[in-house]
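The next block holds one structure in the form of structure tokens; read it before the comments.
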Amino acid sequence: MKSMIRMMLVTGAAAMSIGAAQAQARENGARDMMLELGGGMRGEALEAAIKEAEAYPLGSKENPVRENQPRGQWAYLRRLRCASGEAPSFNRAGNVGEGPFGFIVDLYKVTCPGQAPVDIYIDMYHDGGETRPVPGFTIVEK
């Protein structure tokens, strides 16, 4: 009986690992598909564009936060903290067309309690993992 339970646990863990790998492949596939369709920059052109964008505040239309797919956008926004230390609320206002890196950029309205919403632009066709907060916010570690 114990060996059967152990086998079921191992099989379940393997299935979860395969599912996670498939989800990551789908996310990477969306970015790769965007590149194949002619959208976005790569290599040295992308690095130069990122360096140029750094002249603007992170999260601005000229320097959008670089994340990986909607899941990365939401993870980043959930890590932001208002000056009070509280987590802000946020909602996607839509896409605003092509950004400085040649990919479609999304606009999020991010609101701290008792304050007006702040516009944060996010480009979801990157490897992601942004660790810096946008101006006016702090960020917690993953």
To the closest 0.5 Å, what do you measure between CD (Glu98) and CD1 (Ile104)? 8.5 Å

Val134 and Val65: side chain to side chain contact (heavy atoms under 4.5 Å, CB included), yes or no, with the steps? CA-CA 8 Å; Val134 295; Val65 173; 3.8 Å; yes

To the nearest 0.5 Å, what is the distance between CD (Glu52) and CZ (Phe101)? 9.5 Å

Reported OG1-to-CZ distance for the pair Thr138 and Arg79, which is rounded to 0.5 angstrom: 11.0 Å

Which of Arg92, Lys61, Lys109 passes salt bridge (Lys or Arg N to Asp or Glu O under 4.0 Å) with Asp119? Answer is Lys109

Before you tell me yes or no, could you show the steps for Val118 and Phe137 under side chain to side chain contact (heavy atoms under 4.5 Å, CB included), namely the whole-Å CA-CA distance, both residues' side-chain angles and the distance that decides it to 0.1 Å? CA-CA 10 Å; Val118 173; Phe137 293 86; 4.3 Å; yes

Quick check: closest heavy atoms across Arg81 and Ala87, and the distance to 0.1 Å? NH1-CB, 3.6 Å

Which value, rounded to the nearest 0.5 Å, describes the distance between Glu67 atom CD and Tyr76 atom OH? 8.0 Å

For the student: nearest non-hydrogen atoms of Met41 and Pro100, plus distance: CE-O, 3.3 Å

Nearest 0.5 Å, what's the CG-OG distance between Leu80 and Ser89? 11.5 Å

Spatial distance of atom CG (Asn95) from atom CG (Leu107) [nearest 0.5 Å]: 9.5 Å

Aromatic ring pairing His126/Phe103, orientation class (parallel under 30°, perpendicular over 60°, tilted between): perpendicular

Shared hydrophobic cluster, Tyr56 / Ile50 (ILVMFWY, side-chain heavy atoms < 4.5 Å): no

Presence of salt bridge, Glu54 and Arg66, under 4.0 angstrom: yes

Hydrophobic cluster membership, Phe90 vs Val140, 4.5 Å side-chain cutoff: no

Among the clusters formed by ILVMFWY side chains lying less than 4.5 Å apart, do Leu46 and Met124 turn up in the same one? yes

When you look at Tyr108 and Trp74, which way does the side chain to side chain contact (heavy atoms under 4.5 Å, CB included) test go after all the steps? CA-CA 10 Å; Tyr108 282 85; Trp74 303 327; 3.3 Å; yes

Would you say the side chain of Thr111 lies within less than 4.5 Å of the side chain of Pro88, judging by non-hydrogen atoms? no

From the options Asp106, Asp123, Asn68, select the one residue that forms a side chain to side chain contact (heavy atoms under 4.5 Å, CB included) with Gln73. Asp106

Under the side chain to side chain contact (heavy atoms under 4.5 Å, CB included) criterion, do Ile122 and Glu130 qualify, and how do the steps go? CA-CA 11 Å; Ile122 304 180; Glu130 180 60 64; over 6 Å; no

